[in-house]
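The structure under discussion appears below in the form of C-alpha cells.
In what follows, chains carry the letters A, B, and so on, assigned in the order in which the sequence lines appear, proteins first and then strands, with residues in each chain numbered from 1.
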Amino acid sequence: MRERYEPNEIESTVQDEWDAAGTFVAREDPAKPKYYCLCMFPYPSGRLHMGHVRNYTIGDVLARYMRMQGFNVLQPMGWDAFGLPAENAAIENGVAPARWTRDNIAHMKGQLKSLGFGIDWSREFATCDADYYRWNQWLFLRMLERGVAYKTTGVVNWDPVDQTVLANEQVIDGRGWRTGALIEKREIPMYYLRITRYADELLAALDALPDWPERVRTMQANWIGRSDGVNLSFPYDIDGVRGELKVFTTRADTIMGVTFVAAAAGHPLAELAATRSATVRAFVDECRRGSVMEADLATMEKKGVPTGLFVRHPLTGAEVEVWVGNYVLMAYGEGAVMGVPGHDERDFAFAKKYGLPILPVIDVDGRPYSTGEWQPWYAEYGRCVHSGPYDGLDYAGATNAIAKDLEAKGLGRKQVVWRLRDWGISRQRYWGCPIPIIHCPACGDVPVPDDQLPVRLPEDLVPDGSGNPLAKTPSFLDCRCPKCGAAARRETDTMDTFVDSSWYFFRFASAGNDRAMVDERAAYWMPVDQYIGGIEHAILHLLYSRFWTRVMRDCGLTKLDEPFQRLLTQGMVLNEIWFRKPASGRIVYFNPADVEAQGEGDARRGVLRSDGRPVEYGGIGTMSKSRRNGVDPQELVDRFGADTARLFAMSNVPPEHTFEWSDEGVEGAFRFMKRVWKIVHAHVEGGPAQAVDGASLDGPQRELRRQVHQTLLKVGDDIGRRRTFNTAIAAVMELLNSLTRFADDSPPGRSVMQEALDLVVLMLAPVVPHAAQAMWRALGHPSAIVDEGWPKADAAALVRDTIEIVVQVNGRLRARVPVPAGADEAVAREAALADPGVAKFVAGQPVRKLIYVPGKLVNVVV
RNA sequence: GCGAAAGUGGCGGAAUUGGCAGACGCGCCGGAUUUAGGUUCCGGUGGGGCAACCCGUGAGAGUUCGAGUCUCUCCUUUCGCACCA
C-alpha cells in the first residue's frame, strides 16, 4: 500500500477490475431477491452537471448497499435523447441533431464511467434509437384503438415572424426569443392522450404509495385536483339565437350572488359579440396575444369588456350580462365562469374595477359582511342569506337543494370535474419520435400498420429555426395510403419527449427484444424498487409514467399498476447568480468562479475578475446553462478523484434538500479521504493483528469497540432506512476521530483497531468504492469488497452497564446523572433528586409531578 | 396568481417518535511540526456575563410538565404550473 493517497491511479485500476470481471452485469435469477435501482436518465446535453453527479451517486450508494445486503441488483443507464436543445445546437452550429446527440452521449458515458458508477451498460439505449421509439409508436396505435389517444385542437405559441411554433421556454416576456416578435396564440390540430380517463385511479392509488415522499403525493393529488361541484346553464335567446352558457362551480351555494358571467375570448358568445362591437373585437384580438403559459395567464392584470349580451339566471330568471374576461380559459371546463363578487376574491376585484354590483349571500360564522372591502373570510363557507328559498342552509344543504332545483329545470346537475387535463403530445418539431399517422386525401388520418413500424426519423436533417424540416423533406413526407394505396402525406409532428421517458424503465428490463415492447424479464425486474431523481419532476414525468404503466397494464403488457415502489426526490443543486444588465440589450450572466465576492445576503457584492468592474448579485438559484452558474464535475474528478467527488456530493446535506455549492466543502471531503488512507496505512505497517477477543479487553478498548458497532448500526439505518447519507458519513467521521485518538499498540488494542478499520472500510465502500477496494486489500482481504456482505453489529459489544440520563426541573436542563442501564422510575427519581444541581432548584418545594422517559430523561415539576 | 417545500452559529447542516439545541464538516482564533508547499497534528469556537446563571432555532401568537419539532397568522427563499428536460 502506498503511503500517499493517489486517487486517479487507484480509481482506474479498480474500474478496470470491475470491467474485466463484468461485476455490474445483472442477470435474472429467480432464486435471489431482486433490487431494481434506477436514477432518472440524463438528457445528453454535452457534459455531466453537478445534479447528475448527485443523482447517480445516491443511486450508486443504494445499489451497492443493497448488493451488500444480498440482493440481485440492477442499475441500468440510458439517454433521454430527443429534445429541443439538439435542435438549438443545430441552428447555432449547423450540425445535425443526431450527430450532436450521439457525440454528447459518448462523452457523458465516459464521464459516468470515470465516476465509478456500478452500471450494467449492456442494457444501455437512447430514446432516439429506432429500436426504442418504434414501441412508442406501437403503443400509441394501441391507444388510438382503445380511444385513449385522440385528435382535437390545442393552443400553441406562434411566432409570426419565423412562422413557427415555440415552446414556452422560447417565449420571453411575450416575445419570440430569436425574433423578438410578439407571440400569438394559435389553435392547431393535435393528438391527445386521455389521461383524464385514469384521473380517479391515479388519485386513489397515491394512498398505495407509502414509500413516496408525502410532498410528492400531495402535489400530485392537487395537480389531478378532484372538484365536486355543480354544472349549470344560463339560457339565452339573443335575437332568436337560442342557447345555454354553461359554467362549472364548486360554490353553487353562492349562486344567488351572481352579478355577471365571464366568458373566454374563444367562447361562441364572445365571438358573437365581437361581430357586433368593435370594442369587443379589439379585446378578443388582444386576448390572442401573449404566451399560453399558465403562470403568465394567472399573474397578468385581470381585464374584461361587457358584451351587451345577456343570459338568464337559471333559478331567478334575472338578466345577467356576459363579459369577456382575459382570465377565463377556453381550455378549462366550459370556457366560462359565473361571477360572484361577494364571495370570490378574483370576482370581487373584477367587480370593483368595472363597477359591477356586489351581493353578499353567505353569512360566514355570524361575522358581519359588507360590500365595501374584501375580507379573506368572504370566501369561506357559511349559511345562505338573501337567497330566497335557500336562506339558512349551509354549504351542503344549499348545494343539494340548488342542484335539485337546477336538475328539475334541466339547467344543471352535480358533477365531478378534474383539474387534470388530457396530455397533448403533438410537437411541431423535428428531433422527436414521429407520430405514426398517414394523411390520405380520401381516407383521412390513417394509422401506420404495425408491420410498417418503425416510422424512422431521418437523421441527417439540420433545422434552421423556421418550422419543422420534416415538412420540407419529400423522402419523409411522401408515402402511400395503407388503406387505398393513393399518394398520401406522412404526419410531420413528433411526440412530446415525456412519452420517451414514460416507460424506459420497462425497456431496460427487456433490453434488445426486437419482437416485443416488453418480455418476461420485465416481470422479473419491475417494479423499480427505488427510483431517484430531481424534485422538479415531482408532477409531470412521474404522473405520465404512472399513467403509461396503466395503459400498458390494460393492454396486457404488465400486471403492475405502479412503476415505482419507492421514490427519492433529490433537491436541486444551487449556486450563486451574477449578472450585468446593460441599459439596452439582453442580461449577461457570469460564472461565480469568475467573480470576486464578499458580504452576505443583501450586502453581497462582487466584481468580475477579468475587468475589475462590479457585477450584480442575483441570489442563489439552480445551476443552469442559461444563467452560466454551473460547476463542471470533471474538474473535481480530475483534481480530487471520483471518490472525493462522490463523498462530497453525499455529505453535508440530506438528499432531499437543495444543495448549495461550496468550493471549500470539497477540500474537507478530500482531507477525510487522506486521513482514512493514512490511518489504514499506519495500522498495516504494524503487521497482522489477531481476531478480537471481546472478553479480554480493557475499558478504553471496550468503549472504542462499542462505538464502532454503534456506528455500524447507525450507518446501516441511515443508508438503508432513512436515506440520510450525510449523517451516515458524519458518524463515520466521528468514529475516525476516535480511532485517531486511540493510540494502543498492545495486541488486543491492535485487534480492536483492525476490526474497526475493516468495518470503516466496509461502511464506506458504497460511497467511495475505489479507495475502499484498495484499503480492503491492504487490510489483508483478498476478496473484491463489492462482493462482501454488509457486516452485522456484535450485540455483545453494544452492551452498556451505566447510562446517563438528563434531569430537568420545570423543563429546564439542570443535571445529567448516571444510572444503571434499565433503571426503573424509582431509581431514576432517587438519582435525580439526589443530585446537588437539581436539589438547588427544587429547594424544598413539593414535587408536583415527575415525568420519566426511560433511559433518557427525568423532568421534575415543582 | 395557484400548488408544494424550506428557514437553526460566520457558512452547509445535526437533533430519527414532542424530551440534552448546534453532531459532522467548512471557516475563524491559538499552539506544535514544517519553515518556498494544494501541508499535517493538537486545542478552542452560538450570544451576554466571562463565575452561578441568563438569552437563543425567520417574526408573532397558541397547545404542553417540556416545542427547532405540533396548531394558527405573517415574512423570505426555492421548486412546479401542462411545449426545457
- Nearest whole angstrom, please: distance from the C1' of B:G80 to the OH of A:Y544. 12 Å

- Please measure how far the C1' atom in B:A59 lies from the corresponding atom in B:C75, and state the result in whole Å. 7 Å

- Message: For A:M572 and A:F670, find the nucleotide of RNA chain B closest to each by heavy atoms; which residue's nucleotide sits nearer the 5' end?
- Response: A:F670

- Query: Touch check for A:F648, heavy atoms < 4.0 angstrom, all strands: base, sugar-phosphate only, or nothing?
  - Reply: nothing

- B:U78 to B:C28 separation - P atoms, rounded to the nearest Å: 28 Å

- Item | Position toward the 5' end of RNA chain B (nearest nucleotide), A:V292 or A:H537 | A:V292

- Message: Run A:Y132 and A:W503 through ring pair (Phe, Tyr, Trp, His ring centres under 6.0 Å) and show every step you take.
- Response: CA-CA 10 Å; A:Y132 179 72; A:W503 70 282; 4.5 Å; yes

- From B:C81, B:C54, B:G25, nucleotide with atom closest to A:R814 side chain: B:C54

- Message: At under 4.0 Å between heavy atoms, how does the protein contact nucleotides 26-33 of chain B? Give one character per nucleotide, 5' to 3', with B, S or -.
- Response: SS------

- Message: Taking any heavy-atom pair under 4.0 Å as a contact, classify A:R215: base, sugar-phosphate, or nothing.
- Response: sugar-phosphate

- Message: By the 4.0 Å heavy-atom rule, please label A:D717 as base, sugar-phosphate, or nothing.
- Response: base

N/O contacts under 3.5 Å, protein versus nucleotides 63-74 of chain B?
from	atom 1	to	atom 2	distance (Å)
B:C65	O2	A:N859	ND2	2.3

- Query: With sequence neighbours left out, what residues match A:W223 under ring pair (Phe, Tyr, Trp, His ring centres under 6.0 Å)?
  - Reply: none

- Residues forming a salt bridge (charged side-chain N to carboxylate O under 4.0 Å, His left out) with A:R194, sequence neighbours excluded: none

- Classify the nucleic acid contact of A:P654 as base, sugar-phosphate or nothing, counting any heavy atom under 4.0 Å across all strands shown. sugar-phosphate

- Message: Mind checking if A:K302 touches a base, just sugar-phosphate, or nothing, with heavy atoms under 4.0 Å?
- Response: nothing

- Pairs where residues 163-177 of chain A contributes a residue and the test salt bridge (Lys or Arg N to Asp or Glu O under 4.0 Å) is met, not counting sequence neighbours: none

- Query: When you compare B:G7 with B:U71, how far apart are their P atoms, in angstrom units rounded to a whole number?
  - Reply: 14 Å

- Message: Please classify the nucleic acid contact of A:R4 as base, sugar-phosphate, or nothing, using heavy-atom distances under 4.0 Å.
- Response: nothing

- Message: Can you tell me which nucleotide in B:C84, B:G13, B:G80 comes closest to the side chain of A:P85?
- Response: B:C84

- Check RNA chain B against residues 727-742 of chain A and give the residues with a non-hydrogen atom under 4.0 Å, in numerical order. A:T727, A:A730, A:M733, A:E734, A:N737, A:T740

- Query: How far, in whole Å, is B:A5 from B:G10 if one measures between their P atoms?
  - Reply: 29 Å

- Task: Would you classify A:T299 as touching base, sugar-phosphate or nothing, given that sugar-phosphate means primed atoms plus P, OP1 and OP2, and contacts are heavy atoms under 4.0 Å?
- Result: base

- Side-chain-base donor-acceptor pair under 3.5 Å for A:K674 and B:U39: no

- Indicate, with a heavy-atom threshold strictly under 4.0 Å, whether A:W423 touches base, sugar-phosphate, or nothing. nothing

- Is the base of B:G9 syn or anti, if syn means a glycosidic angle within 90° of 0? syn

- Which part of the nucleic acid does A:V853 contact within heavy-atom distance under 4.0 Å: base, sugar-phosphate only, or nothing? base

- Message: Classify A:A295 by what it touches in the nucleic acid, base, sugar-phosphate, or nothing, heavy-atom distance under 4.0 Å.
- Response: base

- Would you indicate what A:G424 reaches in the nucleic acid, counting non-hydrogen atoms under 4.0 angstrom: base, sugar-phosphate, or nothing? sugar-phosphate

- Give the intermediate values and the outcome of ring pair (Phe, Tyr, Trp, His ring centres under 6.0 Å) for residues A:Y531 and A:W212. CA-CA 10 Å; A:Y531 196 35; A:W212 279 38; 8.4 Å; no

